[in-house]
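This report concerns only the one structure given below.
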Number of protein chains: 2
Amino acid sequence: MTVGEATGQTGTSSVERCLVEVRNMILTGELLPGEKVHQADLAAQLSVSRIPLREALSRLQAEGVLTHRPNSGYQVSRFSSEDLTELYLMRRLLETELLRSAPLGAQQADRLQEINERLRKVDASTDPETYQAINHEFHFHLFDASPLRLVREEVDRLWYRSGFYRSLYLHEAPTALQVLHEHGLIIDAVRDEDIEELIRVTDEHRKGTERLAIERLGRSRRR
Amino acid sequence: MTVGEATGQTGTSSVERCLVEVRNMILTGELLPGEKVHQADLAAQLSVSRIPLREALSRLQAEGVLTHRPNSGYQVSRFSSEDLTELYLMRRLLETELLRSAPLGAQQADRLQEINERLRKVDASTDPETYQAINHEFHFHLFDASPLRLVREEVDRLWYRSGFYRSLYLHEAPTALQVLHEHGLIIDAVRDEDIEELIRVTDEHRKGTERLAIERLGRSRRR
DNA sequence: GTCGGGCGTTATGCATACCGAAGGTCATGC
DNA sequence: GCATGACCTTCGGTATGCATAACGCCCGAC
């Protein structure tokens with residue numbers, strides 16, 4: 001699936017472009033949870049016809065980020081705090097398996113360190129998209145090293161599904177500092193090849209983000 | 001003069017019908033792993049145009065049962081034994097959570113007993129589809145009782161993804177007897193409200209089916 | 001004033017038709 | 001025998017049209 005990269009998309013299909021665009025619109029908050037997706041307008045905005053757009057929407061429905069009501073169209077899925085808890089539960093279970101099967105060591109740690117330094121240089125509040133992209137890169141550098149291909153794809157999906165809510169808090173400065181610190185703990189565990197410690201600090205890191213996401217979720221409930 | 005009248009399914013959309021039909025074609029082996037999906041023929045066979053069919057295929061791609069190559073179309077995903085192992089690993093992790101959060105007791109056990117009796121009466125070799133449906137009902141009776149809605153949906157997807165390979169062995173008579181016996185162990189654990197025992201026997205049950213699926217997978221590799 | 005129902009507008013779901021392009025196939029020529 | 005090129009199939013995408021269901025609005029009744 002790979003939500004993220006493939007930046008040089010010259011030869012990509014319209015469906016693929018629609019997928020990327022709509023995903024980004026959700027992640028950036030351009031499309032808010034609960035909002036209806038107007039097919040004709042969106043198609044015009046993306047300079048495609050309704051057919052490839054509908055195929056993309058159909059896939060996004062299967063991915064869980066859109067819901068569909070017959071004859072009423074698509075709307076952005078609205079997650080309750082219970083839903084978020086479930087997403088994070090699944091992430092914990094599956095990510096742990098990825099970490100257990102990933103190769104650790106100094107080489108991985110150096111690479112993670114380099115990514116974390118790039119993350120440190122980004123101002124999360126002014127450029128949240130870049131910040132999120134690098135944060136994603138940090139965690140998936142280990143996940144990608146795992147031979148568990150299908151599990152990795154599932155984790156990618158889970159990250160994406162909770163992406164909008166993650167964007168609610170990730171830009172906050174105190175959070176960013178805390179994130180950098182916890183990433184440091186993860187790097188240490190990777191360098192020491194201490195798998196249990198790695199899982200422990202990763203769980204802590206995730207638990208913190210889950211707490212923040214649920215807090216902000218409650219706070220963003222107006223209307 | 002809509003097509004819906006011909007089949008009598010006026011309530012469901014064409015996309016939904018395509019989804020169900022294609023899924024069944026994969027589960028029953030009418031569409032084999034690796035086989036290409038001819039859109040025009042399949043659309044004609046399902047009495048729909050290519051548009052809703054393509055939306056359904058797009059969703060099935062997101063679900064992992066179809067793969068797509070640009071300008072070459074869709075084909076049924078081919079799973080390696082490693083892939084199957086991953087699917088079963090994820091099933092174990094997620095199903096365990098469902099069982100932990102599901103209510104147990106005599107009432108649930110009675111219902112499972114009733115389902116298992118219906119399963120006993122079905123000849124798996126002559127009516128594999130009914131057999132599979134009831135087997136699914138047995139396991140998902142507990143899963144459905146869990147409050148973890150999203151986890152349940154993921155497990156559903158995982159079951160479906162390995163569905164074709166499950167169909168390779170489930171019809172065999174000795175397997176059927178073993179299945180009924182192991183279901184009995186599950187029922188006992190549910191009645192005793194012994195969650196750890198329930199997880200243990202369920203793991204054993206799943207491990208057995210995984211072993212069979214991988215065996216048959218190797219056996220079905222010709223080409 | 002408010003509630004409920006009828007009506008028109010709008011958007012969706014789907015079919016048909018058509019086009020360009022990518023790929024595979026087959027025959028031809030060297 | 002192998003490379004090459006013409007042909008044809010299929011895919012990806014667009015435009016268009018229409019039937020139907022949902023939404024919104026207005027108006028009348030209470």
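The chains referred to below are lettered A, B, ... by the order of the sequence lines, with proteins before strands, and numbering in each begins at 1.
For B:T209 and B:R206, the side-chain atoms include no donor-acceptor pair closer than 3.5 Å. Side chain to side chain, A:S146 and A:S101 meet the donor-acceptor criterion of an N or O pair below 3.5 Å. There is a side-chain donor-acceptor pair under 3.5 Å between B:W159 and B:E95.
Rounded to an integer number of Å, the gap from NE2 of A:H38 to P of D:dG24 is 12 Å. In this entry the distance linking CZ of A:R54 with P of D:dT14 reads 14 Å, nearest Å. Here D:dT20 presents its P atom at 11 Å from CG of A:N71, a figure rounded to the nearest Å. Rounded to an integer number of Å, the gap from A:L42 CG to C:dT12 P is 10 Å. In this structure, B:L53 places its CG atom 12 Å from C1' of D:dC11, rounding to the nearest Å. Atoms CG (B:L57) and P (D:dG13) sit 14 Å apart, rounded to a whole Å. The distance from atom OH of B:Y74 to atom C1' of D:dC11 is 10 Å, rounded to the nearest whole Å. Rounded to an integer number of Å, the gap from B:R69 CZ to C:dA21 P is 20 Å.
When distances run from any side-chain atom of A:Q39 to the nucleotides C:dA15, D:dG13, C:dT12, the shortest one goes to C:dT12.
Of the possible donor and acceptor atoms, none in the side chain of B:N135 sits under 3.5 Å from a partner among the backbone N and O of B:Q132. The backbone N or O of A:L32 lies less than 3.5 Å from a partner atom in the side chain of A:E35, making a donor-acceptor pair.
Residue B:R50 is classed as a base contact, given a heavy-atom separation below 4.0 Å to a base. B:S49 comes within 4.0 angstrom of a base, heavy atoms only.
For B:H68, a side-chain nitrogen or oxygen approaches OP1 or OP2 of D:dG12 to under 4.0 Å. Regarding contacts with the backbone of C:dG23, every side-chain N or O of B:S72 stays at 4.0 angstrom or more from both OP1 and OP2.
Looking at which nucleotide of DNA chain D each of B:V37 and A:I51 is closest to, the 5′-most match is held by B:V37.
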